[in-house]
Amino acid sequence: MSIAEETDPVSRSRDTAAIRRWLRGYALLSPALVVMIAMLALPVAALVLLSFWTQNGFELDRTPTLANYASLVTPSAEPTIWFGIPFYLSYPVPAILMIKSIIMSLTATVAVILLAYPMAYFLAFRVTRNKAMWIILITIPFWTSYLLRVFAWKIVLGFNGAINSGLKAIGIIDKPLEFLLYNPGAVTLTLAHSWVAFAILPIYVSLEKIDRSLLEAASDLGDSRLRRFLRVTLPLSAPGTIAAALLVFIPTVGDYVTPTLVGGPGGTMIGNLVQDLFLKQNNAPLGAAVAIVMMLIIALVVAIFLWAIGYGRIRARRQ
Amino acid sequence: MTSDTPIIELRDIVKRFGSLTVLRDIDFDIRQGEFFSLLGASGCGKTTLLRILAGIEQPSEGSLLIDGQPMAGVPANRRPTNMVFQSYAIFPHLNVEENIGYGLRNMRLTRPEAQARVAEAISLVKLDGLATRNAHQLSGGQRQRVALARALVCRPKVLLLDEPLSALDKKLREEMQLELRALQRTVGITFVFVTHDQEEALTLSDRIAIMAEGRVLQLDTPRGLYEGPQNRRVAEFVGTMNLIPGRAHGAVLDAGALGRFEGTAMGSASGGEGFLALRPEKLRLATGGGKLSGTVSEAAYLGDRIHYRVTVPGLAAPLAVSVNNLQDGAGFALGAGVGVDWDAGAGLILGP
Amino acid sequence: MAKRIDLLWIYAILFIMFLYGPVLLMPVFALNDGTFATFPLKGFTLKNFSAMAANTSMILAFQNSLRIAVSVAVLSTALGIPAALALSRFRLPGGAGVQSFMMLPLVIPSIVIAVALLVILLKILGIQLSLWTVASGHVLICLPFCMSVLMSRLEGFDPALEEASGDLGCTPWQTFWRLTFPLALPGVISSLLMGFIISFDEFVISFFLSGTETTLPVYLFSQLRFPNKLPGVLALGSLILVGSTVLVIAAEVIRKRGAASSNPGDL
């Protein structure tokens, strides 16, 4: 056993060797850190700054103002009805798209977890030979062009797409089904397909780490296979599953490619609005405000989610 | 062989990790050419001390001299020490020969000189014929030999060994102990050996420092430690020791109802709480008489000797007694009443 | 193994079909002799592929993408190696915070990264958009991936190896080149390949940050709107899919093989 005791500041300052080590460590870290600060922290700060300016035609007004944020919540007496919900806002588009994006992303995330978990379980507990090959097979789609994977769904679901022409060819339908493409459902399906491969790995890793003797012990203590899964496997794989859910949810809320290609007018998301404000409407300050509000709302949803499932407890248990 | 000239001088070394003090008051010399062991349970600071000698860790306070040179600010790669790591740290991308020659590349040697030294080292550790074997094709014992050769080939003034035998099975370990001792005599280099195995330390070492909680409890020859432990913890750590508690008055221990016993006073045991310490092999059993009496509660037959446990009324722990199996006969049965006796000079009076 | 049908195996096979099905339609239709991506298939042709040779704007975009992807891969690996070394070897105060910061681009929607870079480049610094601005954005999103590949590789081996190297007389610089780099090499190669693939396939940042010259995904996107360009798009898409698949397999195989040989004969 070692003896713990308080050290006075004088003798602690003598640990110059440790300080020299830290300096060397940060020296090694500095090139990457400088790049990250210059290309992530500063641009985000610039984005925040821009959101307090306003666009007057082609002129950028640099007087600090909250006008952009205010315009997102300015009330109006005339409600805009969206799916039966009245929005009493004079500029309701951002609010509606935000809510729609969160719902579509959440749906896609739930679908991803439901699809990925059994596959991760299969990899961890069923595959005994050629494990590396299976893992590569799962990983490949994620690394191949996102754009093309999304576009593939357009080929599958389109008016003249694979499903319609296939069904027509075998005589089940005589005119193409139009409800397949260009709607929120198509976007959600495509998002789920694009991200499912990414979600398998974290779940798989947390399942693989479970000590097999714990499962044997649960069986020995009388658990059926289902009870054992619910009482041992599922709780122990929770951290990986939660990480997977967050890794899917956060980037998909702001996705731009999928709604553009398969969403049509009804399937647009908040990312389309940001793109539109920046590149078409030439109102970058408002676009910046929308992007920032989007990030804050994502962070809020994540925080609520983690609080609701008691993430702190789950993490503490893992240690 | 061993001379009195110090090769390593440790002066008031203290080592802290943050607010945790892992070494304190480390102050002793290691002599030129000796086989020196740092012995203690895990976490006692022995490995940290070895790493300070190697230059991998820096002491928080105090000074260290190797061969008369102060080592403050001298990094590991410029010290005249080499280390055999507990995990052996065999470079996985190099073969046996390249592993052994690794350190020579940092010296000003011609290629033939280096090759000759590697070849010499290979035969010194009996790895002939394995020079081009890959690291991952080696057994545990072979990896240990590569680690040894890799360090010795640099001809360090001090060789540091961090529990090098702990990963080997018992039979191989005993074999390697003998080889290690013979090797040390052949090369004449000072070995500093870290171990938690007291038997190993006793077998191998010229001198041993017993460590606990970051301090040196006692530094002596194996015989000195076994025969003359300075305090209770050393007595308990080295070999088996029976302890009879009481109040120590110089060379006499007053054990209350059990009686008063004479012994050799060790350390600073006077006037306070103390113990009479008795080695199991110094005790004799008889059917009656003796300084204490009790009943046999356990007996283990080991062939050459018999180990008994004798429960003595008034003593919390039964006495361990080791009897040479000289006479034939059944010895003492379980439950038999026996008297326990010893020579007056065999007991040691120890402080708490 | 039991003879009864294992539901998980059936699920796994269906899952792989779902995962690959839509994507595999692309080469199928690319080789089909028809102007629409429709069933029934009309017949086998290579004309969609041969037509690509004459498409100069596509070839130009391809060359741009190649140049960007190679420089991004090299740059983010070169930045990632010392950073991964620092985070895995030195117990730095605040190291965990720095690491989380470095991993941020993984969880920030890329459209936010794109517009943030657009703002600072155009509105604040007044820099013209070019292939350089695209490459700098790509370095940002590749760095976390390269770092995690490199760190998992560096954390995989015994810290005593580097101590042993120092003990045997090597300076930290010599230790890096004689020990750390050779051992980390599989990780370095797979980091290079990953950086290349991510940059080569990246669309959103390229779309926002490219000026007059475009990258291949941006070119592809511009073609998607025109139905008459579909056969060409299918052919190009198929080639990109095949190319990325080969690179991903190479990266994974090198990484796995490296992982297998790094802890040989563990006791």
With chain A as the partner, which of [options] has the greatest number of non-hydrogen pairs under 4.5 Å?
{"options": "C:Leu140, C:Thr245, C:Val23, C:Leu24", "answer": "C:Leu140"}
{"options": "C:Leu247, C:Leu79, C:Ile124", "answer": "C:Leu79"}
{"options": "C:Ile108, C:Val112, C:Ile197", "answer": "C:Val112"}
{"options": "C:Gly137, C:Ser244, C:Pro82", "answer": "C:Pro82"}
{"options": "C:Leu241, C:Val248, C:Leu8", "answer": "C:Leu8"}
{"options": "C:Leu224, C:Leu236, C:Leu125, C:Leu106", "answer": "C:Leu224"}

Checking [X] against chain A: side chain, backbone, both or neither under 4.5 Å from a heavy atom?
{"X": "C:Val139", "value": "side chain"}
{"X": "C:Arg225", "value": "neither"}
{"X": "C:Leu143", "value": "side chain"}
{"X": "C:Ile81", "value": "neither"}
{"X": "C:Val98", "value": "side chain"}
{"X": "C:Phe200", "value": "neither"}
{"X": "C:Leu25", "value": "side chain"}
{"X": "C:Ile16", "value": "side chain"}
{"X": "C:Leu117", "value": "both"}
{"X": "C:Val204", "value": "side chain"}
{"X": "C:Leu118", "value": "side chain"}

Out of A:Val35, A:Thr144, A:Leu123, which one racks up the most heavy-atom pairs below 4.5 Å with chain C?
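Of the candidates given, the most pairs with chain C belong to A:Thr144.
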Examine whether an atom of [X] lies under 4.5 Å from a heavy atom of chain C, and if so say whether it belongs to the side chain, the backbone or both; otherwise answer neither.
{"X": "A:Ile292", "value": "neither"}
{"X": "A:Met133", "value": "neither"}
{"X": "A:Ile163", "value": "neither"}
{"X": "A:Leu40", "value": "both"}
{"X": "A:Leu49", "value": "side chain"}
{"X": "A:Leu157", "value": "neither"}
{"X": "A:Ile140", "value": "both"}
{"X": "A:Leu50", "value": "side chain"}
{"X": "A:Thr260", "value": "side chain"}
{"X": "A:Ile270", "value": "neither"}

Test side chain to side chain contact (heavy atoms under 4.5 Å, CB included) on C:Phe208 and A:Gln275 and set out the steps.
CA-CA 9 Å; C:Phe208 278 81; A:Gln275 187 263 347; 3.6 Å; yes
Roughly how far, to the nearest 0.5 Å, is [atom2] of [Y] from [atom1] of [X]?
{"X": "A:Ser145", "Y": "C:Leu216", "atom1": "OG", "atom2": "CG", "result": "9.0 Å"}
{"X": "A:Phe142", "Y": "C:Ile198", "atom1": "CZ", "atom2": "CD1", "result": "8.0 Å"}
{"X": "C:Leu19", "Y": "A:His193", "atom1": "CG", "atom2": "NE2", "result": "5.0 Å"}
{"X": "C:Leu92", "Y": "A:Arg21", "atom1": "CG", "atom2": "CZ", "result": "8.5 Å"}
{"X": "A:Ile155", "Y": "C:Leu230", "atom1": "CD1", "atom2": "CG", "result": "6.0 Å"}

Which heavy atom in [X] sits nearest to a heavy atom in [Y], and how many Å separate them?
{"X": "A:Gly25", "Y": "C:Ala86", "result": "O-CB, 3.3 Å"}
{"X": "A:Gly254", "Y": "C:Pro109", "result": "CA-CB, 4.0 Å"}
{"X": "C:Pro22", "Y": "A:Ala152", "result": "O-CB, 3.5 Å"}

Parallel, tilted or perpendicular, judged at 30° and 60°: which one describes the rings of A:Trp134 and C:Trp9?
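Answer is perpendicular, since the angle exceeds 60°.
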Determine the interplanar angle of the A:Phe198 and C:Phe145 rings, folded into 0 to 90°, and report it as parallel if under 30°, tilted if 30 to 60°, perpendicular if over 60°.
tilted
Has the side chain of C:Tyr20 got a donor or acceptor atom that lies under 3.5 Å from a matching backbone atom of A:Leu137?
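Side chain of C:Tyr20 to backbone of A:Leu137, a donor-acceptor pair under 3.5 Å: yes, one is there.
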Hey, is the main chain of A:Leu115 close enough, under 3.5 Å, to the side chain of C:Tyr11 for a donor-acceptor pair?
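The answer is yes, because a donor-acceptor pair under 3.5 Å joins these two groups.
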[Y] and [X], any side-chain heavy atoms less than 4.5 Å apart:
{"X": "A:Phe151", "Y": "C:Leu220", "value": "no"}
{"X": "A:Leu33", "Y": "C:Met102", "value": "yes"}
{"X": "C:Asp201", "Y": "A:Trp143", "value": "no"}
{"X": "A:Phe249", "Y": "C:Val107", "value": "no"}

Is it true that, when you exclude A:Tyr117 itself, more than 12 heavy atoms of the residues, nucleotides or ligands shown sit nearer than 6.0 Å to its OH?
yes
List the steps and the verdict of ring-ring contact (aromatic ring centres under 6.0 Å, His included) for A:Tyr256 and C:Phe207.
CA-CA 11 Å; A:Tyr256 166 72; C:Phe207 180 61; 5.8 Å; yes
Between A:Tyr26 and C:Phe90, is the ring centre distance below 6.0 Å?
no
Apply side chain to side chain contact (heavy atoms under 4.5 Å, CB included) to the pair C:Phe203 and A:Val150, showing each step before the final yes or no.
CA-CA 12 Å; C:Phe203 167 69; A:Val150 175; over 6 Å; no
